[in-house]
Amino acid sequence: MSSGLERVVVIGAGTMGHGIAQVAAMSGYSVTVVDVSEEILGRALEKIRWSLGKFAERGRIRPEEVEKVMGRIRTTTSLESACADADVVIEAVFEDLQVKLDTWRRASRAARRARLLGTNTSSIPIDELQAAVERPERFLGIHFFNPPQLMQLVEVIIGSRTSEETKRLATEFARSLGKTVVTVNRDVPGFIVNRVLTRFFEVACHLVEKGRYTPVQIDSALKYRAGFPMGAFELADYVGIDVAYNVSKVIAERDRTFRPIELLRRYVERGELGAKTGRGFYEWPAGARPSIPQDAGRDVDIWYMIVPGMNEAARLVEQGVASHEDVETAMKLGLNLPRGVFGYASELTPEKVNSVLSELRAELGEGYAPSSYLLSLVSQPRPAAASFEEIEVRREPPIGWIVLNRPHRLNAISPKMIEELEVALKDLSEDRSVRVIVLTGAGGRAFSAGADITAFSEILATESKVPMAHRFSLRFNELLRKIERSPKPVIAAIDGFALGGGLELALACDFRIATERSEVGQPEIRLGLIPGGGATQRLTRLIGPSKAKLVIFLGDRIKAEEALRLGIIDKVVPPEGFEREVREFAMRLAEMPPIALAAAKDAINAALEVPIDEGLRHESSLFAHLFATKDLMEGISAFFSKRKPEFKGE
Ligand code: NAI
């Protein structure tokens with residue numbers, strides 16, 4: 001739970017409201033749900049119970065939790081009485097300006113002690129609602145995605161009168177619900193996700209209307225060549241063509257660079273709304289997904305579909321609406337795009353961007369004027385090293401960052417990620433400007449939740465499952481050994497889950513710094529397995545056999561403080577100060593003489609592996625070798641002249 005916030009009121013018990021209420025109750029808040037009739041409230045409670053049952057079935061909560069969570073939820077039809085002692089009020093009533101204005105007038109007056117008031121609107125201007133709010137500095141947009149129980153992303157939208165404190169509280173609150181927050185600094189129609197998505201839809205529909213491609217060609221190209229999880233038309237069918245059309249319409253009402261999408265409107269008029277009516281761009285017989293041939297998109301120029309969305313996203317960064325990182329996180333978590341949108345920049349040139357956009361701009365208008373930020377992104381010199389898909393490497397000398405970058409899968413470790421980590425580790429280990437390597441996870445929820453279980457299912461489905469599983473484990477161990485043997489200190493910076501293979505990755509690092517909300521563990525036993533990435537060895541060496549057995553035999557998730565006490569983690573820090581602490585520590589290490597650091601790492605690691613006499617001989621020889629370094633001369637001369645040494649690694 002978030003500090004000082006305990007009582008949450010959710011107004012509106014529909015699709016979104018009941019989900020938000022459930023998520024808040026699951027995170028320990030005491031929740032009151034308000035709607036206009038007892039019948040609606042009763043249905044909402046039923047839906048929450050059903051969803052909790054599903055969580056329990058899948059082992060995501062313990063069965064006894066269902067009643068506990070239900071016990072934290074009250075319902076009422078009295079808005080005023082519910083709000084009277086609320087700390088947080090979240091509104092998810094109909095998307096209707098008058099209804100929302102009326103709700104907020106009453107709710108903000110009644111919610112005298114509340115410190116955070118948030119609307120879940122998708123399209124109504126935050127400022128218009130804020131004008132109706134008493135003490136408007138407490139108010140902002142807090143945009144969950146459907147279904148809130150499963151979707152990890154929350155967009156926090158800052159109104160023109162929202163205070164810094166409210167922004168901080170909203171971020172902390174959404175994070176306490178296990179969500180990843182992106183900040184939308186200014187209220188632009190569609191915020192981040194719906195805005196970029198609408199550009200994708202707009203251009204895909206335009207290309208079909210023009211007769212240039214068919215929906216199947218476009219979808220096949222997006223899925224099989226660009227790596228999107230669904231094609232544009234498949235997605236429109238999936239979310240509902242009416243929903244996609246309405247979003248385009250409300251954005252167009254407030255932003256003249258958009259227009260309501262005609263092709264979608266025609267489907268809506270015919271009542272062909274996609275999956276929910278059984279027919280849209282595709283046929284949707286019960287339960288089946290449309291089949292899209294793999295080679296249908298062979299001749300499609302994919303950049304016509306991708307560049308407009310990238311351009312829209314880049315414009316948000318250029319205009320200061322959101323940071324590059326937040327836009328990218330929103331793309332990964334809100335649209336499930338594994339590479340985000342900026343991930344495609346390295347494959348583009350300014351000439352290509354200009355040629356695609358100038359053609360579309362002539363046909364569709366100013367929404368396609370090239371963003372200078374996008375042009376600068378695609379003009380950057382290509383990194384010499386491999387470009388990665390599942391990790392991100394950032395060189396900020398003297399620190400080299402490796403970010404596990406599959407936030408939609410809680411950074412689960414796949415065979416591909418292992419290959420990429422190895423390349424990145426080698427690059428950074430050999431880069432003289434990098435003195436410390438920090439390994440961390442993207443998305444704010446996990447360092448890594450473990451090996452990708454789908455990789456396990458694939459192995460299980462094959463005849464040769466035993467040798468394949470063996471190879472997987474050996475390959476992972478090979479990587480971990482390389483981390484351990486890197487001449488540079490490697491810090492695991494953990495914010496969120498570090499479970500299974502994720503914790504094993506962290507155990508192979510030299511230090512583990514974690515945020516207070518992090519949880520670690522080796523849950524393999526619960527699947528009928530044991531750790532296969534070295535935990536039986538490294539954890540035992542780190543914390544001793546009995547404690548290691550406790551962790552591995554029971555497979556419990558261990559909270560950061562407890563992990564610190566056990567010795568699994570070296571330092572626990574509050575989430576706000578996390579990155580600063582990691583940087584400060586990394587900078588301290590970076591000031592040390594690199595060759596001596598490498599020698600110290602090597603000698604200490606040897607202590608765990610070889611008999612002491614051999615270890616001592618090893619130490620002596622390393623000690624002696626350091627006498628041949630310039631760094632030692634520098635260290636000694638700085639000592640005598642009482643100045644700070646500057647080690648060059650020579
Ligand atoms: P919904 O129609 O499922 O639920 C709205 C609920 O609000 C209904 O149960 C209704 O009885 C209740 N309500 C209406 N007036 C009320 C009042 N004066 N006091 C108390 N309750 C009242 O709508 P849904 O889909 O849950 O949307 C709610 C909000 O969330 C909207 O602003 C929508 O734009 C936004 N949103 C919707 C998403 C979606 O996929 N459905 C995704 C993200 C945001």
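Because only heavy atoms are used, hydrogens play no part in the values below, and waters and symmetry mates are left out as well, while side chains stay in. Order of listing sets the numbers, starting from 1, for every ligand and every atom in it. From a predicted model like this one, the values you see are computed outputs, not experimental measurements.
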request  = Measure from the side-chain N and O atoms of E234 to the backbone N and O of D219, and report whether any donor-acceptor pair falls under 3.5 Å.
outcome  = no

key: Ligand-residue contact atoms, ligand 1 with K100, heavy atoms, under 4.0 Å   = 31 (C), 32 (O)

R175 side chain reached by V181 side chain, heavy atoms, under 4.5 Å = yes

ask   = Among protein heavy atoms, which lies nearest atom 17 (C) of ligand 1, and at what distance?
value = V36 CG1, 3.8 Å

ask   = Quick one: which ligand 1 atoms are inside 4.0 Å of a heavy atom on T15?
value = 3 (O), 25 (O), 26 (O)

ask   = Numbering the atoms of ligand 1 from 1, which are under 4.0 Å from a heavy atom of V99?
value = 15 (N)

ask   = Heavy atoms of the protein only: does one fall short of 4.0 Å from atom 2 (O) of ligand 1?
value = yes

inquiry  = With a 6.0 Å cut-off (strictly less than), is the heavy-atom count around CZ of R60, excluding the residue itself, greater than 12?
reply    = no

query = How far is atom 35 (C) of ligand 1 from its nearest protein heavy atom, and which residue and atom is that?
reply = N120 O, 3.3 Å

message = I need the nearest protein heavy-atom contact for atom 43 (C) of ligand 1: residue, atom name and distance, please.
response = F144 O, 3.2 Å

query = Got more than 12 heavy atoms from elsewhere within 6.0 Å of CZ, R266?
reply = yes

query = Going by the atom numbers of ligand 1, which of them fall below 4.0 Å from some non-hydrogen atom of I40?
reply = 9 (O), 11 (O)

ask   = Between E6 and D87, what is the shortest heavy-atom contact and its length?
value = N-OD2, 2.8 Å

message = Check this for me: R256, atom CZ, are more than 12 non-hydrogen atoms of other residues, nucleotides or ligands nearer than 6.0 Å?
response = no

inquiry  = Nearest non-hydrogen contact with atom 20 (C) of ligand 1 belongs to which option: D35, I90, T121?
reply    = D35

key: Partner residues of D85 under the salt bridge (Lys or Arg N to Asp or Glu O under 4.0 Å) criterion, sequence neighbours left out   = R7

request  = Looking only at distances, please establish whether an N/O atom of ligand 1 is found under 3.5 Å from an N/O atom of R106.
outcome  = no

ask   = What is the closest protein heavy atom to atom 42 (C) of ligand 1, and at what distance does it sit?
value = M16 SD, 3.5 Å

key: Nearest option to atom 7 (O) of ligand 1, as decided by whichever heavy atom of V250, V239, V93 sits closest   = V93

inquiry  = List the residues meeting salt bridge (Lys or Arg N to Asp or Glu O under 4.0 Å) with K100, not counting sequence neighbours, and say none if there are none.
reply    = E91, E95

query = So which heavy atom in the protein is nearest atom 4 (O) of ligand 1, and how far is it from that ligand atom?
reply = G14 CA, 3.2 Å

inquiry  = Ignoring hydrogens, what is the shortest heavy-atom contact between G496 and S518? Give both atom names and the distance.
reply    = N-OG, 3.0 Å

ask   = Among protein heavy atoms, which lies nearest atom 34 (O) of ligand 1, and at what distance?
value = E95 OE1, 2.8 Å

key: Region of L79 that comes within reach of ligand 1 [heavy atoms, distance under 4.0 Å]   = neither

query = In terms of atom number and element, which parts of ligand 1 are under 4.0 angstrom from non-hydrogen atoms of T103?
reply = 18 (N)

ask   = Are E46 and R43 within salt-bridge range, i.e. N to O under 4.0 Å?
value = no

message = Would you call the rings of Y238 and W284 parallel, tilted or perpendicular, taking 30° and 60° as the class edges?
response = tilted

request  = Report yes if the side chains of Y368 and R199 come closer than 4.5 Å at any heavy-atom pair, otherwise no.
outcome  = yes

ask   = Is it true that F145 lies under 4.0 Å from ligand 1, counting heavy atoms only?
value = no

ask   = What is the nearest protein non-hydrogen atom to atom 36 (N) of ligand 1, stated with its residue, atom name and distance?
value = S122 OG, 3.3 Å

request  = Please could you name the atoms of ligand 1 that H143 approaches to less than 4.0 Å, counting only its heavy atoms?
outcome  = 43 (C), 44 (C)

